[in-house]
Amino acid sequence: MASSSVKGNTRLSIAMERTGQWVFSQDIPTDVVVAVGEAHFSLHKFMLVAKSNFIRKLIVESTEADLTRIDLTDIPGGAEIFEKAAKFCYGVNFEITVHNVAALRCAAEYLQMTDKYCDNNLAGRTEDFLSQVALSSLSGAVAVLKSCYHLLPMAEDLYIVQKCVEVISSKACNEANYPSRSPPNWWTEELSVLDIGFFGKIMAAMKNRGAKTLTLSGALITYAERSLRDLVRDHSGSGLRSGDFSESDGSSRQRELLESIVGLLPSEKAAFPIHFLCCLLRSAIYLKTSSPCKNELEKRISMILEHVTVDDLLVLSFTYDGERLFDLESVRRIISGFVEREKSVAVFNAGDYKDVASVSLQRVAKTVDAYLGEIATYPELIISKFNGIANIIPKVARKVDDDLYRAIDIYLKAHPNLDEIEREKVCSVMDPLKLSYEARVHASQNKRLPVQIVLHALYYDQLKLRSGMDDRSTQDAAMTRTQVQADVSLVKENEALRSELTKMKLYISDMQKNSHGTSSMKAPSRSKGTFFSSVSKTLGKLNPFRHGSKDTSNIDDGVDITKPRRRRFSIS
């Protein structure tokens, strides 16, 4: 309380001192104190009444015999603007600028300092300055409009906002078509200092004047990057951490701002670069904006997904610090929306998307596979999320599954604790028969893959060697799959029998060590050993690979490949 009292006394003394410097006569004592907030001004009634009809009415209609105090706390612009209005009443010169002219015009209206009450009054002087000086340039009009933010709704009632919007929209359209300075888009930087409500009015006015979509989108991009600098421009995320924003720090204001920006986006398909839209969506996810806001951004990205890059998808996938994954549902919905639209287009064109994939779909498939390879290293990426994204792409969209195989191999290496069934689930999204020769060679020696995938790769190459077909032929693919499934079952049975046999051998070995019998008892032991040798030989005949080199159990991960690799398929 003491500190606030000191501040109030300081403001009072400063106001009194400042007023005393320009009150024209010290011979006539002041007879009224005007309070504006915590500031107080000692003035003369007759000087104020000469220009202000509002103060005249207060004095005339007052019930007090001698009104000595007037409270004008509600005056637009506060104490600083009232001081200038009082100077005008006293005939003291002061400067009218683009930054205070709107507040002076509103204060003149509040104090009823109009030309109707007195010739050449403050209202007329400010109107002249607006029309002749402030609104003669785009920069001046922007400055006036920016100052109107704290003067609403009076600034709108006096048509100051409307006049500024008309001038700015007209001059911005002219600059967009016929630039007068460099860089040509300098005017977009000027608009970016405005409140989003005023900015929206200017965008609407420019659209009504016939501004091109690219002109409007350029202004919106600059505005978003300027007003949401840390969120939109900081692509690396180095400037933010997961807990940087809280409601008290302004995330609520930024959330509303972002939702307003999204509401201003033109409806045209190619109005914005996809990277910009991805940055907006990441910001929307981070700020937890409304579902309609996020859905609108996802829809726009999906419509132009053929232009997406791996980096664009990664922008959506990670937190700003790059340390953990976001919820990947947005990425899944975007890809799914694109695929469904491609299917609809194919059906509309009397085609069959199951047989032929468009160039756009093939491009997106390749990008998605590369994207999966980038996020596969993160431990929190579960199998269902990985497979969910991979399975959205139709099989026909992938001419070869090499990129998908690389992503799977990276995932298996980054998640070494997966069991056989889980590894088979990961590999289920890939068709081993669509791997290139180099990828099949790598797969046949890859201990991380389940045995079924290894057999697919081996059988396919063996079948090709026997039939002499080229690398693109898949006429015997069905037969290969059937044969592989049968052999996988046989291999699993053989492995189970071998496991049981090993256990039996260990059991008998322990019995032999613990035995203290005579030599007559050792003979049966040799007989048993002979028996197990016989059983082992018999069971070994069940192994279909006993004469071949396709048993992958002894293959090292670093075995040299006879043919040179055209690309790398493993992260090892």
Side-chain angles (χ1 to χ4, degrees), residues 11-26 28-62 67-135 143-161 163:
R11 288 174 182 172
L12 176 60
S13 61
I14 291 175
M16 290 289 194
E17 179 182 351
R18 193 168 58 233
T19 304
Q21 294 174 357
W22 50 260
V23 170
F24 74 99
S25 174
Q26 302 296 331
I28 305 176
T30 59
D31 54 1
V32 66
V33 174
V34 178
V36 183
E38 295 182 357
H40 297 73
F41 301 87
S42 294
L43 303 169
H44 302 86
K45 291 180 185 177
F46 73 94
M47 297 299 295
L48 299 177
V49 168
K51 298 289 185 180
S52 173
N53 189 37
F54 178 77
I55 294 178
R56 184 190 68 80
K57 289 180 180 179
L58 286 179
I59 295 173
V60 171
E61 297 172 1
S62 174
L67 183 64
T68 59
R69 181 181 176 86
I70 299 175
D71 189 354
L72 297 181
T73 300
D74 294 334
I75 188 172
E80 182 179 353
I81 294 302
F82 172 75
E83 181 181 352
K84 289 179 170 54
K87 283 183 176 181
F88 184 85
C89 293
Y90 277 83
V92 177
N93 290 330
F94 63 91
E95 185 180 11
I96 300 178
T97 68
V98 292
H99 302 290
N100 64 25
V101 64
L104 284 170
R105 176 65 185 90
C106 292
E109 191 70 19
Y110 178 88
L111 294 171
Q112 299 178 16
M113 297 174 66
T114 63
D115 289 354
K116 184 178 179 181
Y117 180 70
C118 174
D119 291 338
N120 298 319
N121 214 336
L122 182 60
R125 294 280 297 275
T126 53
E127 285 286 355
D128 291 341
F129 185 87
L130 276 171
S131 59
Q132 298 174 15
V133 180
L135 301 184
V144 173
L145 184 58
K146 182 181 179 181
S147 69
C148 289
Y149 179 73
H150 298 291
L151 302 173
L152 298 175
M154 184 174 285
E156 286 187 330
D157 295 339
L158 296 175
Y159 298 100
I160 301 174
V161 171
K163 290 176 182 178

Q) Given the rule in the side chain to side chain contact (heavy atoms under 4.5 Å, CB included) test, do H44 and Y90 qualify, once you have shown the distances and angles that lead to the verdict? A) CA-CA 9 Å; H44 302 86; Y90 277 83; 2.7 Å; yes
Q: Decide yes or no on side chain to side chain contact (heavy atoms under 4.5 Å, CB included) for T68 and V33, but give the supporting numbers first.
A: CA-CA 6 Å; T68 59; V33 174; over 6 Å; no
(Q) Walk me through whether T30 and L43 qualify under side chain to side chain contact (heavy atoms under 4.5 Å, CB included). (A) CA-CA 5 Å; T30 59; L43 303 169; 5.6 Å; no
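Residue pairs meeting the side chain to side chain donor-acceptor pair (under 3.5 Å) criterion with at least one member in residues 69-79, sequence neighbours excluded, are H40-R69, D71-T73. Pairs of residues two or more places apart, or lying in two chains, that qualify as side chain to side chain donor-acceptor pair (under 3.5 Å) and include a residue from residues 45-55 are K45-D66, N53-R56, N53-Q112. Counting only residues at least two apart or on different chains, the ring pair (Phe, Tyr, Trp, His ring centres under 6.0 Å) pairs with a member in residues 106-127 are F54-Y110.
Counting only distance, with no hydrogens or angles, the side chain of N121 and the backbone of T114 share a donor-acceptor pair below 3.5 Å.
Partner of L48 under the side chain to side chain contact (heavy atoms under 4.5 Å, CB included) criterion, out of L58, I70, I55: I55 alone.
A pairwise comparison of heavy atoms in C106 and P76 identifies CB-CB, 3.8 Å as the closest pair. Residues C148 and V161 approach most closely at CB-CG2, 4.0 Å, considering heavy atoms. In plain terms, the two heavy atoms of F129 and V98 that are nearest each other are CE2-N, 3.9 Å.
For K163, the side-chain hydrogen bond (donor to acceptor under 3.5 Å, both in side chains) criterion is met by E127, not counting sequence neighbours. In this structure, the side-chain contact (heavy atoms from CB on, under 4.5 Å) partners of H99, at least two apart in sequence or on a different chain, are T97, A143. Partners of E109 under the salt bridge (Lys or Arg N to Asp or Glu O under 4.0 Å) rule, at least two apart in sequence or in another chain, are R105. F88 is linked by a ring pair (Phe, Tyr, Trp, His ring centres under 6.0 Å) to nothing, counting only residues two or more places apart in sequence or in another chain. Taking the salt bridge (Lys or Arg N to Asp or Glu O under 4.0 Å) definition, one finds that K146 meets it with nothing, sequence neighbours left out.
Put simply, the side chain of V101 reaches to within 4.5 Å of the side chain of V144, judged on heavy atoms. Side-chain contact between L151 and I160 is absent, with no heavy-atom pair separated by less than 4.5 Å.
Once rounded to the nearest 0.5 Å, the distance linking NZ of K87 with CZ of F94 reads 8.5 Å.
Counted within 6.0 Å of OH on Y149, heavy atoms from surrounding residues, nucleotides or ligands total 12 or fewer; the atom is thus considered open.
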